[in-house]
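Side chains are part of it too, since the values below use all heavy atoms of this structure and drop only hydrogens, waters and symmetry mates. The structure displayed is predicted, hence computed values, not measured ones.
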Amino acid sequence: MSVDICKLDGQDGNVHPIHVPQNVGFLETYRYIMEDAADSRVADWPLMASPFPLLGIVSLYLVFVLRLGPLYMKNRKPYHLNKVMICYNIFMATASASVFYGLLTSGFTTKFSLGCEAHTVSNDPESYRMARWMWRLLMLKIVELGDTVIFILRKKYSQASFLHIYHHTSTVLLSWIACKFVPGGMWTFPIMPNCIVHVIMYTYYLLACLGPEVQKRIAPWKQYITGLQMIQFIIMICHTCQTLLPSCEPNRKPVAYIYMSQILIMFYMFCDYYKKSYHKRKAE
């Protein structure tokens, strides 16, 4: 018995079936996934050859925020990082806006609709630029891990919640998967509402750095930002549902399942956070 698996041709972007024996070993399967099934254009870009460098970064992040960071800060006073946070939030808001504009103008203002747009491997300038912006998104999501590092150094441990850490970790991993296997087509659309939300979110954080008086004025808006994040997930779910149709991206179904499962998990967790943080507060 055997299965047919499709391979993308990096020259013309067409999908060609290849015959792979069912009883293949682990190394052959790994090589196929990382080389044949992946987008060949990104193979030589930093962190894209294999998942292990990124897994190393994520592991260091988790070890620091869960163990080494709190241990280091145990007998120390919180660091005052106000100037660092101002610069960081300006950078993150600006970078998120840049990624949004880059993705928008690399296909969605010219040839892509909001329907099922297949990912193809192509070296035409627009498609290549889209893949490049997906890689830049991955770099941005790695930098975004700095959110938690700042929380730890300021001893704001309650802000480094399970939801926060899970969200940052899963987002980095999803960004790598997207850049490796689907840096184009409809798969890039969910990133754009995410970028818009992050522009608003980091602008809010920036204003919060300007002192207690400003914090008091903008505090009521915090729940609306959380609500905006939930709306973002609904948009992502509605758009990504198309990939579950048999005729839509038949060769990228595993990515569709990973996308959908993570979006649903995050939506549930944010709903739970919203109810506990805001509905409970109103009741009290």
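- Nearest heavy-atom pair, Met236 versus Pro190, reported as atom, atom and distance to 0.1 Å: CE-O, 3.1 Å.
- Applying the salt bridge (Lys or Arg N to Asp or Glu O under 4.0 Å) test to every pair with at least one member in residues 187-196, sequence neighbours left out, gives no pairs at all.
- Side-chain contact between Phe181 and Trp176 is present, with at least one heavy-atom pair separated by less than 4.5 Å.
- With hydrogens and angles ignored, the 3.5 Å screen pairs no side-chain donor or acceptor of Thr120 with any backbone N or O of Ser122.
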May I have the list of side-chain donor-acceptor pairs in residues 195-212 shorter than 3.5 Å, sequence neighbours left out?
unit_1, atom_1, unit_2, atom_2, d
His198, ND1, Asn194, O, 2.8
His198, NE2, Glu144, OE2, 3.4
Tyr202, OH, Asp147, OD1, 3.2
Tyr202, OH, Asp147, OD2, 2.8
Thr203, OG1, Val199, O, 2.6

- Message: For a side-chain contact (heavy atoms from CB on, under 4.5 Å) check, start with the C-alpha distance between His119 and Asp39, then their side-chain angles and the critical distance, and finish with the verdict.
- Response: CA-CA 10 Å; His119 162 254; Asp39 191 309; 3.0 Å; yes

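- The CD1 atom of Ile177 sits 4.5 Å away from atom CD1 of Ile258, with the distance rounded to the nearest 0.5 Å.
- In the model, Tyr61 has no side-chain atom that pairs as donor or acceptor with a side-chain atom of Thr169 under 3.5 Å.
- Within the 4.5 Å cutoff, side-chain heavy atoms of Met266 are placed close to those of Leu163.
- Put simply, OG on Ser247 and CD on Gln242 are 9.5 Å apart, with the number rounded to the nearest 0.5 Å.
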Exercise answer: donor-acceptor pairs, residues 42-54 side-chain atoms, under 3.5 Å, sequence neighbours excluded:
unit_1, atom_1, unit_2, atom_2, d
Trp45, NE1, Arg41, O, 3.3
Ser50, OG, Phe52, N, 3.4

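- Residues Met34 and Leu55 are members of one and the same hydrophobic cluster, defined by side-chain heavy-atom contacts under 4.5 angstrom among Ile, Leu, Val, Met, Phe, Trp and Tyr.
- Environment of NZ in Lys253: crowded, with over 12 heavy atoms of neighbouring residues, nucleotides or ligands closer than 6.0 Å.
- To the nearest 0.5 Å, atom CG of residue Asp36 and atom OG1 of residue Thr29 are 11.0 Å apart.
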- Evaluate the side-chain contact (heavy atoms from CB on, under 4.5 Å) criterion for residues Phe189 and Thr240: first the C-alpha distance (whole Å), next the side-chain angles of each, then the deciding distance (0.1 Å), finally the verdict. CA-CA 9 Å; Phe189 174 81; Thr240 309; over 6 Å; no

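- Partners of Asn82 under the side chain to side chain donor-acceptor pair (under 3.5 Å) rule, at least two apart in sequence or in another chain, do not exist in this structure.
- Annotation: side chain of Ser40 is in contact with side chain of Val121 (closest heavy-atom distance under 4.5 Å).
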- Under the side-chain contact (heavy atoms from CB on, under 4.5 Å) criterion, do Leu140 and Met92 qualify, and how do the steps go? CA-CA 8 Å; Leu140 180 60; Met92 293 303 296; 3.6 Å; yes

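- Residue pairs that meet the salt bridge (Lys or Arg N to Asp or Glu O under 4.0 Å) test with at least one member in residues 203-226, sequence neighbours left out, are Glu213-Arg217.
- Here the closest heavy-atom approach between residue Gln262 and residue Leu174 is recorded as CB-CD1, 3.7 Å.
- With sequence neighbours left out, the side chain to side chain donor-acceptor pair (under 3.5 Å) criterion links Ser106 to Arg129.
- Scanning all heavy atoms of the two residues, the minimum distance from Met134 to Ala178 falls at CE-CB, 3.5 Å.
- For Thr188 (side chain) and Gly185 (main-chain N/O), a donor-acceptor pair under 3.5 Å exists by modelled atom type.
- Remark: Gln215 engages no residue in a side chain to side chain donor-acceptor pair (under 3.5 Å) (not counting sequence neighbours).
- For Ser127, the side chain to side chain donor-acceptor pair (under 3.5 Å) partners two or more places apart in sequence, or in a different chain, are Lys111, Asp124.
- Separating the OG1 atom in Thr226 from the CG atom in Leu228 is a distance of 9.5 Å, to the nearest 0.5 Å.
- Legend: ring pair (Phe, Tyr, Trp, His ring centres under 6.0 Å) pairs involving residues 136-175, not counting sequence neighbours, sorted by first then second residue: Phe151-His164, Phe162-Tyr166, His164-His168, His167-Phe270.
- Counting heavy atoms from C-beta outward, Met130 and Leu103 have side chains that approach closer than 4.5 Å.
- Between Pro193 and His239 the shortest side-chain heavy-atom distance does not fall below 4.5 Å.
- The hydrophobic cluster containing Leu173 does not contain Leu60, counting ILVMFWY residues as joined when their side-chain heavy atoms lie under 4.5 angstrom apart, directly or transitively.
- Annotation: Tyr30, atom OH; neighbour count of heavy atoms from other residues, nucleotides and ligands within 6.0 Å is above 12.
- A continuous path of hydrophobic side-chain contacts links Phe267 to Leu264 [ILVMFWY only; heavy atoms under 4.5 Å].
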Under 3.5 Å, side-chain donor or acceptor atoms of residues 62-80 against the rest of the protein: list the pairs with distances, not counting sequence neighbours.
unit_1, atom_1, unit_2, atom_2, d
Tyr72, OH, Tyr79, OH, 2.8
Arg76, NH1, Tyr72, O, 2.6

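- Cluster annotation: Tyr101 and Val143 are assigned to distinct hydrophobic clusters (Ile/Leu/Val/Met/Phe/Trp/Tyr, side-chain heavy-atom contacts under 4.5 Å, transitive).
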- Query: Yes or no on side-chain contact (heavy atoms from CB on, under 4.5 Å) for Ile191 and Trp133, after CA distance, side-chain angles and deciding distance?
  - Reply: CA-CA 11 Å; Ile191 295 159; Trp133 278 110; over 6 Å; no

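- Every residue meeting the ring-ring contact (aromatic ring centres under 6.0 Å, His included) condition with Trp187, not counting sequence neighbours, appears here in chain and number order: Tyr259.
- Both Ile265 and Ile263 belong to a single network of hydrophobic side chains, linked directly or stepwise wherever heavy atoms of I, L, V, M, F, W or Y lie under 4.5 Å apart.
- No side-chain heavy atom of Thr105 sits less than 4.5 Å from a side-chain heavy atom of Thr110.
- Remark: Glu28 engages no residue in a salt bridge (Lys or Arg N to Asp or Glu O under 4.0 Å) (not counting sequence neighbours).
- With contacts defined as side-chain heavy-atom distances shorter than 4.5 Å, the pair Ile218/Val214 qualifies.
- Taking CZ from Arg136 and SG from Cys179, the interatomic distance works out to 10.5 Å, rounded to the nearest 0.5 Å.
- Considering CD1 of Ile225 and CD of Gln229, their distance stands at 7.5 Å, rounded to 0.5 Å.
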